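What follows is a single structure, written as structure tokens, with notes after it.
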Amino acid sequence: MDEFVRRIRDPEPHEPVTWSSRADRAGLHHSSHTTTEVSMPIDGPEAHWAWLMSHGNRWLYDALDPVDRAALRERVLRSLREDHPAGGTRLIAGAEFHRIVKPTVTP
């Protein structure tokens, strides 16, 4: 992926938004979080590609010129077919879970 990222301009720097700050803005409290790996069946490399495009990777694809877009797509599909532990038929990803609660008010 680094090869393709270098082909686009640097993204604008921004201050990341945290779950704590989101909760605070909503009048809630971010009390904890945990991460785990999940593995779910998926209909193959094309479906896996579609999932990748809808989960935070489209920015890279959209920033490339049409020739590089096609090369990226083909490289990812080939990698899913040949290098993925399940041939691209399982979505294996990290998942992060956040516990956000309504603060208790004491009289």
Side-chain angles (χ1 to χ4, degrees):
M1 291 298 213
D2 290 340
E3 170 189 343
F4 292 99
V5 171
R6 284 191 295 273
R7 296 180 189 184
I8 62 172
R9 65 175 174 77
D10 291 333
E12 295 293 321
H14 66 280
E15 188 67 30
V17 178
T18 65
W19 282 103
S20 275
S21 66
R22 289 176 178 157
D24 289 346
R25 283 194 313 244
L28 302 171
H29 174 71
H30 181 263
S31 63
S32 64
H33 78 279
T34 188
T35 57
T36 190
E37 186 173 277
V38 295
S39 177
M40 299 172 279
I42 198 162
D43 289 336
E46 291 286 344
H48 206 296
W49 170 259
W51 185 88
L52 289 168
M53 289 297 99
S54 67
H55 285 78
N57 296 286
R58 179 160 295 279
W59 71 271
L60 173 57
Y61 181 81
D62 288 347
L64 295 169
D65 65 54
V67 172
D68 287 335
R69 284 181 187 171
L72 173 66
R73 183 177 186 281
E74 187 50 43
R75 182 171 299 172
V76 169
L77 290 173
R78 184 177 62 243
S79 175
L80 287 166
R81 287 189 297 270
E82 298 172 5
D83 303 323
H84 187 274
T89 62
R90 293 200 66 77
L91 176 62
I92 303 167
E96 192 168 291
F97 298 93
H98 296 266
R99 180 172 171 79
I100 297 175
V101 297
K102 184 175 181 181
T104 57
V105 178
T106 54

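Values below: every heavy atom of this structure, side chains too, minus hydrogens, waters and symmetry copies. Because the structure is a prediction, the values reported are computed rather than measured.
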Distance check, rounded to the nearest 0.5 Å: [X] atom [atom1] versus [Y] atom [atom2]?
{"X": "L72", "Y": "Y61", "atom1": "CG", "atom2": "OH", "answer": "8.0 Å"}
{"X": "S20", "Y": "L28", "atom1": "OG", "atom2": "CG", "answer": "11.0 Å"}
{"X": "L91", "Y": "L80", "atom1": "CG", "atom2": "CG", "answer": "10.0 Å"}

Taking all non-hydrogen atoms of both residues, which atom of [X] and which atom of [Y] are closest, and how far apart?
{"X": "S39", "Y": "I92", "result": "OG-CG1, 3.9 Å"}
{"X": "V38", "Y": "A95", "result": "CG1-CB, 3.9 Å"}
{"X": "P103", "Y": "G27", "result": "CD-O, 3.2 Å"}

Problem set entry | Contact list for residues 44-60, test salt bridge (charged side-chain N to carboxylate O under 4.0 Å, His left out), sequence neighbours left out | E46-R73, R58-D62

For this session: Treat each ILVMFWY residue as a node, draw an edge where side-chain heavy atoms are under 4.5 Å apart, and state whether V67 and L60 are in one component.
Result: no

For this session: Determine which pairs satisfy ring pair (Phe, Tyr, Trp, His ring centres under 6.0 Å) with at least one residue from residues 88-107, sequence neighbours left out, and list them in order.
Result: W19-H98, H30-H98, H33-H98

Exercise. Taking C-beta and beyond as the side chain, do M53 and V76 meet within less than 4.5 Å on heavy atoms?
Worked result: no

Exercise. Just wondering, more than 12 heavy atoms not from R81 lying within 6.0 Å of its CZ?
Worked result: yes

Exercise. When you look at CG of D24, are more than 12 heavy atoms from neighbouring residues, nucleotides or ligands closer to it than 6.0 Å?
Worked result: yes

Seminar exercise, completed: For H84, the ring-ring contact (aromatic ring centres under 6.0 Å, His included) test, sequence neighbours excluded, returns H48

Problem set entry | Check: L64 main-chain N/O paired with R69 side-chain donor or acceptor under 3.5 Å | yes

